[in-house]
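What follows is a single structure, written as structure tokens, with notes after it.
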Number of protein chains: 2
Amino acid sequence: MSERKPRADAVRNREAVLAAADRLFARSDSPEHVTMADIAAEAGVGKGTLFRGFGDRTRLIQALFETRLEPIRRAVTEGPYPLGPGTPPEERAPALLDALLCFKLDHRHLSLALEETGTGSPYGAGHYDWWHTTLRGVLEELPGFGGSGFAAHALLAAVRADLIDHLVDSRGTSRERLRAELAAFTAKVLS
Amino acid sequence: MSERKPRADAVRNREAVLAAADRLFARSDSPEHVTMADIAAEAGVGKGTLFRGFGDRTRLIQALFETRLEPIRRAVTEGPYPLGPGTPPEERAPALLDALLCFKLDHRHLSLALEETGTGSPYGAGHYDWWHTTLRGVLEELPGFGGSGFAAHALLAAVRADLIDHLVDSRGTSRERLRAELAAFTAKVLS
DNA sequence: GCATAAGCGGACCGTCGGTCCGTATTGTTG
DNA sequence: CAACAATACGGACCGACGGTCCGCTTATGC
């Protein structure tokens, strides 16, 4: 039962690795080209340290993603108006999706890396279940709204990292344009 | 300009490879565990033959997918009522999505393989553009329906192979249940 | 300080996509 | 049918990458 306090250098290295990975993903155009060896080198540690600290590539990316997502998660569970629990569902659902879209725009390559790592799907990656449960909960508060489980999946699929990346990268869609289109689509679904 | 007629054995081997790949993907639980060497062995040819005939793994999977999808593509472009061009848009859009869903259910592992190969996304894989263009065209025929470009992307995202796989595999959702939920969601969007 | 457990790092391994080239097959021409 | 060129075959080989292992280093508790 006793929690062992981790050594100071281990903590320092963990931070260094996360920071290094963030930098590398942000820099590179294709997340699969960021190798574990690259991350280790950028962080100034050995490869063994990466795997000791995170287990494998998937969990390293998940840990990084989780860290960066934390603020939004808190804003949703205990924050104020647009995202927080006090908001009426017909406003909160679009706000959730918009926040998620913006996050994926701000961390495009990281999100892309997360979604194409492991089995290649975001499902079962911890944070996905949380988003799905949360969004479905909001949709269920809407009177007469059926099939909220699938609808939540479908709405989340509309902001998947590779779709966003495709629209931004090869279609050159602007941030604001995307947000507007997502809002319009969400409105259709909620109507 | 002259098209060179391919040798007979080359044609035979090409078929053997496609058939072998189909079998292996159908059999295995995780498409990434089907290696090029496996496919070559199953087809009874050397690895070199695979790469000569298809270029790389991505294109092999695309070729296989394309082949299997052909019938549906024809049904959409020149077939009768539910899918064909004569259908009114408010019926055709759901029919398209239902057909795509059924196809992905019938070829789950192959679809999964396709979507997680290459950059890890289905976008830019030829057939995606075709589906998107087609669906958007149908949506645009609906009076007063705006943002059809994004809506088409979002609707297609709702039937992505890994989502379907997730719902069927770990949620145990039945085929008919899924079809009904997709239909309900589509109806919401079209309303 | 000293003992010891925790952590470190990079050589090493297995696997996989992809290449290369000597050999075998096809089909064409007289 | 013989002989030759064009085409295709196949599997040894290569480089890259994720992940492991183990002898060495270093923080921490006494």
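All heavy atoms count here, side chains included; hydrogens, waters and symmetry mates do not.
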- Task: Looking only at side-chain atoms of B:A10, point me to the closest of D:dC9, D:dT28, C:dC8.
- Result: D:dC9
- Query: Which pair of non-hydrogen atoms, one from B:L64 and one from B:A21, has the smallest distance, and what is that distance?
  - Reply: CD2-CB, 3.8 Å
- Query: Can we say B:D165 and B:R160 salt-bridge, meaning some charged N sits less than 4.0 Å from an Asp/Glu carboxylate O?
  - Reply: no
- Gap between atoms CD and C1', on A:E42 and C:dG9 respectively (whole Å): 18 Å
- Message: Looking at B:G146, is its backbone amide N or carbonyl O close enough to the side chain of A:K188 to form a donor-acceptor pair, meaning the two atoms are under 3.5 Å apart?
- Response: yes
- Message: If you only use heavy atoms from C-beta on, which nucleotide in C:dG9, D:dG10, D:dA8 is closest to the side chain of B:T49?
- Response: D:dG10
- Is the base of D:dA8 touched by the side chain of B:R7 through a donor-acceptor pair closer than 3.5 angstrom? no
- Message: For the OH atom of A:Y123 and the NE2 atom of A:H153, what is their distance to the nearest 0.5 Å?
- Response: 7.5 Å
- Of the listed D:dC9, D:dT28, D:dG10, the closest approach to the B:V45 side chain comes from D:dG10
- Query: For A:S170 and A:H166, what are the C-alpha separation, side-chain angles and deciding distance, and is it a side chain to side chain donor-acceptor pair (under 3.5 Å)?
  - Reply: CA-CA 6 Å; A:S170 42; A:H166 174 67; 3.1 Å; yes
- Can you give one letter per nucleotide of nucleotides 16-23 of chain C, 5' to 3': B if a protein heavy atom sits under 4.0 Å from the base, S if only from the sugar-phosphate, - if neither? SBBB-B--
- Item | side-chain N/O B:N13 vs D:dC9 OP1/OP2, d < 4.0 Å | yes
- Look only at the side chain of A:T117 and the backbone of A:A113, and say whether a donor-acceptor pair between them is shorter than 3.5 Å. yes
- Message: If I take atom CG from residue A:L83 and atom CZ from residue A:R74, how far apart are they, to the nearest 0.5 angstrom?
- Response: 13.5 Å
- Figure out the CZ/C1' separation between A:F54 and D:dG19, and round it to whole Å. 16 Å
- A:I39 CD1 to D:dC17 P, in whole Å, measures 12 Å
- Message: Rounding to an integer number of Å, can you tell me how far A:L60 CG sits from D:dG19 C1'?
- Response: 13 Å
- Please report how far the helix from C:dG1-D:dC30 to C:dG30-D:dC1 bends, comparing the axis fitted to its first five pairs with the axis fitted to its last five, to the nearest 10 degrees. 10°
- Query: Are A:L182 and A:L112 connected in a single hydrophobic cluster, I mean Ile/Leu/Val/Met/Phe/Trp/Tyr linked by side-chain heavy atoms less than 4.5 Å apart?
  - Reply: no
- Salt-bridge contact A:E176-A:R179 (side-chain N to carboxylate O under 4.0 Å): yes
- If you look at every strand shown and take non-hydrogen atoms under 4.0 Å, does B:A40 touch a base, only sugar-phosphate, or nothing? nothing
